Enquirer: 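Take a look at the following structure, please.
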There are 2 protein chains.
Amino acid sequence: MLLTVGELARRCGLTVRALHHYDAIGLLRPSSRSAAGYRLYGQADVERLHRIQALRQLGLPLADIGAALSGPQRPLAEVVERQIAQIDRQAAEAARLRERLVRLRAQLAAGQSPDLADWLDTLELMTMYEKYFTPEELKTLPLHTDPDVLPEWSALVTAVRAAMERGATPDDPDAQLLALRWMDLVGRGTGDNPAFLMRLRAMNENEPGLRERSGLTPGLERFVEQAMISARLAIFARYLQPHEMERMRAHYGKQMHAWPELIAELRGALADRVPANDPRVQAMARRWMELFRAYAGDDPATHARIREAYAKEPELRSGSAVDDALLGYVREALASSGARH
Amino acid sequence: MLLTVGELARRCGLTVRALHHYDAIGLLRPSSRSAAGYRLYGQADVERLHRIQALRQLGLPLADIGAALSGPQRPLAEVVERQIAQIDRQAAEAARLRERLVRLRAQLAAGQSPDLADWLDTLELMTMYEKYFTPEELKTLPLHTDPDVLPEWSALVTAVRAAMERGATPDDPDAQLLALRWMDLVGRGTGDNPAFLMRLRAMNENEPGLRERSGLTPGLERFVEQAMISARLAIFARYLQPHEMERMRAHYGKQMHAWPELIAELRGALADRVPANDPRVQAMARRWMELFRAYAGDDPATHARIREAYAKEPELRSGSAVDDALLGYVREALASSGARH
DNA sequence: GCTAAGGGCTCACGTTACGTGAGGGTCAAG
DNA sequence: CTTGACCCTCACGTAACGTGAGCCCTTAGC
């Protein structure tokens with residue numbers, strides 16, 4: 001059973017214009033059109049709309065919703081679960097605000113004038129009730145697709161800080177464990193979307209105040225980064241030979257900040273169904289090989305061993321937003337451009 | 001104790017930019033500035049901000065909030081009371097949505113696929129939870145300052161329709177009672193703001209579909225209007241002489257649709273602190289006298305009797321948004337223009 | 001078959017409520 | 001005196017649609 005745009009709008013309490021807009025920005029495209037060109041929405045579309053609305057009600061901008069929905073999808077059951085948690089949390093905020101208002105009412109009824117702090121406290125609670133995430137939370141972390149990640153994130157930051165304070169080095173095993181957990185959390189928190197990762201970095205560079213409040217100080221970030229490199233090199237060491245490991249140690253972390261942007265671009269092209277033989281995609285794939293060769297060298301045998309490590313050790317890719325589809329895309333682009341790989 | 005804009009923003013969870021914006025549009029002006037030009041907000045400002053936020057959370061646009069707050073103010077206790085009612089209503093919506101989501105979750109957990117209607121129902125409940133008023137409610141009636149008015153309004157429309165169906169005429173006492181209640185409700189619903197009344201009329205003229213759904217058919221509106229005229233003439237009859245009543249009967253209702261616009265303009269000028277001797281205000285005042293004389297004639301004795309009736313019978317002014325301050329303003333403008341009154 | 005009403009299409013300008021950045025002044029602590 | 005945080009005004013830009021125009025499509029009733 002397919003719905004026209006007006007029917008869907010009516011049924012959901014949205015407007016036709018909003019649905020047009022979602023189509024125009026690629027957020028929710030109807031799965032088919034009638035012979036007359038009418039948009040026709042089916043069950044899968046409605047399910048996707050449910051995801052969209054759930055994220056919208058968290059306060060996420062549409063562009064971010066699109067980004068979040070471009071990665072691997074969580075089961076709908078999880079989406080629904082999180083909505084229930086959201087409602088429960090908002091019920092708690094509502095109870096607090098209500099209590100506050102009842103108190104205010106009592107004061108006013110008794111002919112007392114509430115003081116400034118009373119009004120300000122009330123206003124604050126009103127704002128908290130209105131928005132699921134504070135502007136700060138929305139900005140501190142683009143980790144909105146899973147609100148459960150926030151407390152986990154804080155706990156991890158605390159754990160990393162504690163490790164630093166007791167003098168741990170990035171090579172310590174527990175530091176490495178923390179780093180792996182960090183990457184896993186980043187992956188989960190960003191829906192495996194590198195655009196969010198880039199934004200996190202930009203935010204950290206530009207806003208010292210927010211940086212301090214989130215706990216993501218440059219020192220902590222560097223520490224985690226080094227620990228992550230160290231952890232991954234330890235994994236590679238199980239696959240590579242000593243002279244190969246020497247090169248890895250020298251080069252592995254050198255251009256790691258260039259990867260997220262490239263990955264984001266490639267994922268965009270893949271999502272836009274740009275053919276792998278498109279010159280732009282080919283250029284990106286070549287750039288990919290440059291970055292790869294910067295730490296892997298040119299020996300095909302080394303490449304094969306590294307690939308084996310990547311295939312067998314999920315932790316090497318955790319948080320990097322590189323999946324098999326993307327790898328296939330890069331391979332196809334390279335094959336069509338005649339580049340060696 | 002005065003707050004700077006940043007302090008207020010932080011305390012309330014708003015942004016400095018929003019407060020700048022509210023200042024710029026005249027919605028919330030700081031009661032003072034420091035010598036350096038810093039905005040300084042005091043208790044009265046914060047109380048006003050509370051009113052603004054309460055209305056904002058009903059979904060009212062800022063322009064409408066400004067209009068609503070330009071009239072006589074309801075006690076803060078009533079504002080708070082209505083907020084409590086809002087929270088309670090939203091709690092009911094939350095419970096419905098939660099129940100729906102729990103059911104959906106159970107289906108998904110059991111490996112069943114919810115059907116299209118399930119998803120659509122859920123999406124509808126999500127929208128209802130998100131917004132206090134539906135777009136239709138917001139548009140049907142600009143009676144947002146008191147959500148309790150909506151059900152009362154519906155009941156009144158029903159009562160008027162019933163009276164019409166049993167053949168009542170506008171001169172029947174019960175029809176007149178309904179009309180007086182109508183005007184009272186319009187006054188309360190619009191915060192005694194004629195701009196809303198004008199919008200109600202425009203909406204009724206332009207949107208037949210909405211008209212039908214709201215029950216405000218042209219026939220019903222005419223009936224109420226005639227009943228209101230009849231009710232008011234009955235009140236005037238207690239103060240005027242027979243020949244004066246003859247004139248009133250002939251002319252009283254003739255230009256009654258011109259009054260709301262004039263009143264709105266005068267109230268705007270008064271709110272903007274335009275001096276009463278300003279030529280524009282004087283022109284408005286003269287227009288006021290024209291309209292007045294159209295039903296009252298030129299006899300000062302008649303005028304005095306009509307004024308006495310207005311002073312003693314609140315029902316003659318109910319819903320008209322004319323208060324003592326406005327009358328004083330008009331009088332002052334007339335005095336400064338040397339016009340007879 | 002025709003007509004009318006309701007619904008659809010695309011296009012494009014406009015609105016609302018700020019967000020963001022620029023350039024410069026103010027305030028308080030070290 | 002310097003520095004960092006905060007304030008000012010100005011002004012362009014943004015996100016998420018709202019609104020209207022001109023035209024096509026669908027369906028029910030005559």
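When reading the values below, keep in mind they use all heavy atoms of this one structure, side chains included, and skip hydrogens, waters and symmetry mates. Remember, it's a predicted structure, so these values are computed and weren't measured experimentally. Chain identifiers are assigned alphabetically (A, B, ...) following the order of the sequence lines, protein sequences preceding nucleic acid strands; residue numbering begins at 1 within each chain.
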Enquirer: Here's a test of your reading of the structure: between B:Arg17 and A:Ala63, which maps to the more 5' nucleotide of DNA chain D?
Expert: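 Checking each residue's closest nucleotide, the 5'-ward one belongs to B:Arg17.
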
Enquirer: Starting from P on D:dT14, measure out to CG on A:Leu62 and report it in whole angstrom.
Expert: 16 Å

Enquirer: Tell me the interatomic distance from A:Leu27, atom CG, to D:dA15, atom P, rounded to whole angstroms.
Expert: 14 Å

Enquirer: Counting just side-chain N and O atoms, does B:Ser34 come under 4.0 Å of either OP1 or OP2 of C:dT26?
Expert: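 Answer is no, no contact under 4.0 Å.
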
Enquirer: Does any non-hydrogen side-chain atom of A:Val46 lie less than 4.5 Å from one of A:Arg11?
Expert: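 A:Arg11 vs A:Val46: side chains apart.
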
Enquirer: Check the distance between C:dG8's P and A:Arg33's CZ and give it to me in whole angstrom.
Expert: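 Nearest whole value for this atom pair: 12 Å.
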
Enquirer: If only side-chain N and O atoms of B:Thr4 are considered, is one of them under 4.0 Å from the OP1 or OP2 phosphate oxygen of D:dC7?
Expert: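 Yes, such a contact exists.
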
Enquirer: Select one nucleotide: of D:dC17, C:dT10, C:dG19, the one nearest the side-chain heavy atoms of A:Arg56.
Expert: D:dC17

Enquirer: Mind running salt bridge (Lys or Arg N to Asp or Glu O under 4.0 Å) on B:Arg96 and B:Glu93 for me, showing each step along the way?
Expert: CA-CA 5 Å; B:Arg96 287 173 73 197; B:Glu93 297 293 345; 3.5 Å; yes

Enquirer: Given C:dC9, C:dT26, D:dT9, which nucleotide is nearest the side-chain atoms of A:His20?
Expert: C:dC9

Enquirer: Which residue, B:Arg10 or A:Ala35, contacts DNA chain D at a nucleotide closer to its 5' end, judged by nearest heavy atom?
Expert: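 It is B:Arg10 whose nearest nucleotide is closer to the 5' end.
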
Enquirer: Rounded to whole Å, please give me the gap between OH in B:Tyr38 and P in C:dC27.
Expert: 6 Å

Enquirer: Rounded to whole angstroms, how far apart are CG on B:Leu19 and C1' on C:dA17?
Expert: 13 Å

Enquirer: Quick one: does B:Leu125's side chain get under 4.5 Å of B:Asp121's, heavy atoms only?
Expert: no

Enquirer: Whole-Å distance between C:dC18 C1' and A:Glu130 CD?
Expert: 13 Å

Enquirer: In whole angstrom, give the distance that lies between atom CD1 of B:Ile52 and atom P of C:dC18.
Expert: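 Value for this atom pair: 11 Å.
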
Enquirer: When you get a sec, tell me which of C:dT26, C:dG8, D:dC8 is the closest nucleotide to the side chain of B:Val5?
Expert: D:dC8

Enquirer: Report yes if a side-chain nitrogen or oxygen of B:Tyr22 is closer than 4.0 Å to either non-bridging phosphate oxygen (OP1 or OP2) of C:dA17; otherwise report no.
Expert: no

Enquirer: With a 4.0 Å cutoff (strictly under), does any side-chain N or O of A:Arg39 reach OP1 or OP2 of C:dG8?
Expert: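 So the side chain of A:Arg39 is outside the cut-off, no N or O lying under 4.0 Å from OP1 or OP2 of C:dG8.
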
Enquirer: Just the rounded figure in Å: distance from P of D:dC6 to CG of B:Leu3.
Expert: 14 Å

Enquirer: Before accepting this row, confirm whether a basic side-chain N of the pair B:Asp45/B:Arg29 lies closer than 4.0 Å to the acidic partner's carboxylate O.
Expert: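 No, this pair does not count.
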
Enquirer: Side chain to side chain contact (heavy atoms under 4.5 Å, CB included), that's the test. Do B:Glu265 and B:Arg280 meet it? Break it down for me.
Expert: CA-CA 10 Å; B:Glu265 281 170 5; B:Arg280 284 161 301 174; over 6 Å; no

